[in-house]
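Report on the following structure.
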Amino acid sequence: MPCEDQMIQTLKEYGHRPTPQRLMILSAVRHSQDHVTASDVLDQVKESYSYIDLSTVYRTLDMLKRMRLVSETDMGSGTYAYEWLEQERHHHLICNGCERIALLDDEFLGTLSSEILDSYGFEADMNHVALFGRCNDCRDESEEAF
C-alpha cells in the first residue's frame, strides 16, 4: 500500500479526517531523517501550502502524539522535537556541558518500564527518552579544573 494511502487509512481508523493539511504534516514528520520541531514542519509544509499556520501544526502533532504515531521529546533546547515512531526505538544522552547528543540503545531501557510498573504501579512512556548529564570530555574538564 502506498505511503499516502496508509496515512489516510490510519487517520480514518482513529476517527480523524484525512485533511490535506494533516497529510502534509504527517508526511513531513514521517519522511524526516531526524527529529523535527513544529517550526521545521511548518517551514516544510509552507513550501507547498502557504496557508497553514503554526497552531495547525501543533494541533496536528498533538493528535499524532496521542495516536502514538510520533514522539515528543524535549532535547534540552526548550523546544520539543518530534519523531516518527515506526523508526527503530532509540533514546538520547544529552550533555549539559557541551550539549552533544549521543544515541542510547533501547536495550538499556527495555526492562525499566516494566520494573517501574511493578514497583510503583506507574505505566511509563518509554518510547523516546532523553537523559541529561555530563559526557566523558566535560567530566574530565571539570576534574582538571580542581
Inset, instruction - Please test His92 against His35 for side chain to side chain contact (heavy atoms under 4.5 Å, CB included), starting from the C-alpha separation and ending with a verdict. - result: CA-CA 12 Å; His92 303 278; His35 301 90; 3.0 Å; yes
Inset, instruction - First locate atom CG of Leu93, then atom CG of Leu131, and finally report the distance between them rounded to the nearest 0.5 Å. - result: 6.0 Å
Legend entry - Contact check, side chains of Leu103 and His91, non-hydrogen atoms, under 4.5 Å: no
Inset, instruction - Have a look at Pro18 and tell me which of Ile8, Asp5, Leu26, Thr10 forms a side chain to side chain contact (heavy atoms under 4.5 Å, CB included) with it. - result: Ile8
Inset, instruction - Determine the minimum heavy-atom distance between Arg17 and Leu11, stating which atoms define it. - result: O-CD1, 4.4 Å
Legend entry - Residues, nucleotides or ligands: over 12 heavy atoms within 6.0 Å of Phe108 CZ: no
Inset, instruction - Taking atom types as modelled, find out whether Ser32 and Asp34 have a side-chain donor-acceptor pair closer than 3.5 angstrom. - result: no
Legend entry - Trace of the side chain to side chain contact (heavy atoms under 4.5 Å, CB included) decision for Arg59 with Thr56: CA-CA 5 Å; Arg59 281 192 310 272; Thr56 301; 3.3 Å; yes
Inset, instruction - Please list all pairs passing the side chain to side chain donor-acceptor pair (under 3.5 Å) test where one or both residues lie in residues 93-103, with sequence neighbours left out. - result: Arg100-Asp137
Inset, instruction - Would you kindly confirm whether Leu112 and Phe122 end up in one hydrophobic cluster when ILVMFWY residues are joined by side chain heavy atoms under 4.5 Å apart? - result: yes
Inset, instruction - Kindly indicate whether the side chain of His16, heavy atoms from C-beta on, has any atom under 4.5 Å from the side chain of Met67. - result: yes
Legend entry - Counterpart residues, side-chain contact (heavy atoms from CB on, under 4.5 Å), relative to Asp74 (two or more places apart): Tyr80
Legend entry - Ser27 and Arg30 side chains, donor-acceptor separation under 3.5 Å: no
Inset, instruction - Give a yes or no on this: more than 12 heavy atoms of other residues, nucleotides or ligands lie within 6.0 Å of atom CD of Glu107. - result: yes
Legend entry - Side chain to side chain, Thr73 and Val129, heavy atoms closer than 4.5 Å: no
Return a table of donor-acceptor pairs under 3.5 angstrom between the side chains of residues 41-52 and protein atoms on other chains or two or more places apart.
residue : atom : partner : partner atom : Å
Ser48   : OG   : Val45   : O            : 3.4
Tyr49   : OH   : Gln21   : NE2          : 3.2

